[in-house]
Amino acid sequence: MRSDITFGQYVEGDSLIHRLDPRVKILISLVFIVVIFLARSLTAFVLLTAAAVVFVLMTKIPPRLILKAMKPLMFIIVFTAVINIFFMPGDHLIFEFHFIRIYREGIVNACLIVLRIMLLIVATSVFLTYTTTPLALTDALEQLLNPLKKLRVPVHEFSMMMTIALRFIPTLIDETRKIINAQTARGADFTTGSLIQRGRALIPILIPLFISAFRRADELATAMECRCYTGGEGRTRMNSLKSEPKDWAFFCLILALGAGVVLLNRFFPLLNVTI
Amino acid sequence: MNPIIKAENLTFSYPGDEETGPVRALDGVSFEIPEGSFTAILGHNGSGKSTLAKLLCMVNFPDSGRLWVAGREITAEDAAEEDILAARRDVGMVFQNPDNQIVATIVEEDVAFGCENLGLPPAEIRRRVDEALADVGMTEFARRQTYNLSGGQKQRVAIAGTIAMDRRCVIFDESTAMLDPVGRREVMEIIERLNRKEGVTVLLITHHMNEAALADRILVMNGGKIYLEGTPEEVFGRPEAMWAAGLDVPQTTELAYKLQKACLDVPLTLFDPASCAKAVADAVTRAKAGAGKEARR
């Protein structure tokens with residue numbers, strides 16, 4: 001028996017944040033992102049960092065996973081830092097070498113902006129990717145975007161596509177494994193040769209995989225039609241999402257955090273960041 | 001009683017390529033499926049049974065002839081949309097490949113899919129889904145991922161999906177073909193129960209003789225035509241005809257046939273191994289007694 005395959009980066013857990021209504025979680029992340037951009041003063045950043053640390057601890061997600069989430073954005077982090085350090089003009093010159101001039105303001109700004117990017121990553125991973133299954137996210141998005149249906153945006157169709165894609169990922173992974181085994185048994189070699197040769201060796205895997213995926217799609221469409229599927233019109237859901245007071249309490253907490261940030265910016269400005 | 005499915009002289013051809021021209025898959029097929037019956041359609045590959053299934057689930061439409069499903073005529077592609085929808089509401093299909101008919105990632109959500117399409121209120125869907133899962137013995141799997149189930153369990157989920165829709169008739173298109181013996185037995189038990197207890201009309205398309213022997217009536221297809229028709233006893237009582245069409249008979253029938261050729265009187269139509277074994281034992285005792293009498297005389 002295979003263990004449950006989890007897609008995306010979802011980390012199994014039973015924390016308060018895991019159990020929040022996914023719709024509220026999406027709203028919370030949006031608000032939290034805005035709050036992060038509102039922060040200007042160092043004091044506000046300290047408050048937000050403390051909050052982010054508390055959230056991470058609440059979810060019991062290993063911090064190493066959070067760091068892992070930052071890896072793909074390392075380039076952007078370093079790039080912004082460099083730009084800020086070298087090209088930010090200011091009053092306190094620290095270092096000068098020919099055309100390179102580094103000011104104190106530049107370094108402070110770089111630090112705070114890097115901190116801001118890291119906070120953004122923590123916010124989205126703690127509230128969305130690490131604590132919400134892709135399926136719950138899809139459902140939540142469908143319901144949040146429901147009003148767009150009036151503008152003829154095919155919200156239901158997109159969400160159905162996502163659900164089916166998620167459903168078929170493990171099936172197609174299995175299939176790929178089978179095809180690789182079958183082709184290996186016929187003498188195909190996927191592990192040696194130059195990059196181009198290896199790339200070419202993938203063709204005998206991809207073509208059967210595509211053909212089979214199309215066949216599956218066709219059969220699935222028939223099966224869905226036979227189960228009276230006619231699109232989103234007139235469809236009901238068995239498990240509609242329900243938000244509880246605790247969801248909105250958490251949402252208010254984030255709003256309070258935003259208010260705190262604004263107040264700290266205003267009354268305790270310290271090493272303010274520009275941009 | 002009105003038949004739930006009625007076919008009159010159906011023909012259907014696949015386009016085929018230039019050399020062969022169109023390939024005729026169905027050639028004047030007529031039959032009636034009475035409400036509440038358990039009918040098996042037997043046939044080897046290429047006999048037209050899968051084509052027939054495609055017509056019954058309204059994926060393809062016949063070239064000529066007439067077809068009624070659940071009291072509505074679904075003969076041509078331009079049949080009214082609501083007629084097709086209504087027919088699908090009453091007649092469900094369970095397909096061969098369990099992987100390609102499960103839509104949702106979670107078991108209970110897949111069972112609910114059909115009811116959600118019907119637009120039932122959530123509380124009603126919940127009730128029906130729980131009931132259907134209990135019917136197929138999958139209650140404890142309700143929140144599991146469909147991907148991790150065995151083939152037999154996936155088919156049970158698919159059957160639960162049709163039970164939840166409260167259909168009058170379910171067509172099983174080789175639903176056990178991809179299962180191991182255990183899964184096949186589980187699924188067949190549910191199919192039988194569905195018919196005998198719930199009174200759901202069952203149409204079982206299969207090439208397993210033992211499964212067909214469970215039915216009230218068998219239609220044997222060969223070369224796009226109905227080749228034999230009758231109760232399992234009538235159909236399997238003529239093994240030569242079955243063999244001539246390239247089909248098998250249940251192993252018990254084959255054994256009895258060979259024993260009859262060897263002058264042992266064993267009936268052909270005991271499909272249950274235990275009763276067949278008993279009949280053979282009785283026949284042997286009788287033969288021995290007969291032989292003893294001969295010798296004494």
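Proteins come first, then strands; the chains are lettered A, B, ... in the order of their sequence lines, and each starts at number 1.
Of all heavy-atom pairs spanning A/P170 and A/R167, the tightest one is CD-O, 3.6 Å.
Under the 3.5 Å distance criterion, with hydrogens and angles disregarded, a donor-acceptor pair is assigned to the side chains of B/Q101 and B/Q155.
For B/H208, there are no side chain to side chain donor-acceptor pair (under 3.5 Å) partners, not counting sequence neighbours.
Of the listed residues (B/L120, B/I125, B/I102), the one with the most heavy-atom contacts under 4.5 Å to chain A is B/I102.
Atom CZ of A/F158 is surrounded by 12 or fewer heavy atoms from other residues, nucleotides or ligands within 6.0 Å. When the shell of 6.0 Å around NZ of A/K246 is examined, it contains more than 12 heavy atoms from other residues, nucleotides or ligands.
In this structure, chain A has heavy atoms under 4.5 Å from both the backbone and the side chain of B/D110. Only the backbone of B/A104 comes within less than 4.5 Å of a heavy atom in chain A; its side chain stays farther off. Neither the backbone nor the side chain of B/E124 comes within contact range of chain A; no heavy atoms are under 4.5 Å apart. Only the side chain of B/F95 comes within contact range of chain A, judged by heavy atoms closer than 4.5 Å. At a 4.5 Å heavy-atom cutoff, B/V94 makes no contact with chain A through either its backbone or its side chain. Using a 4.5 Å cut-off between heavy atoms, B/V59 touches chain A through its side chain atoms alone. With a threshold of 4.5 angstrom between heavy atoms, B/T162 does not approach chain A through any atom at all.
Looking at B/P62 and B/T11, their side chains never come closer than 4.5 Å, going by heavy atoms from C-beta outward.
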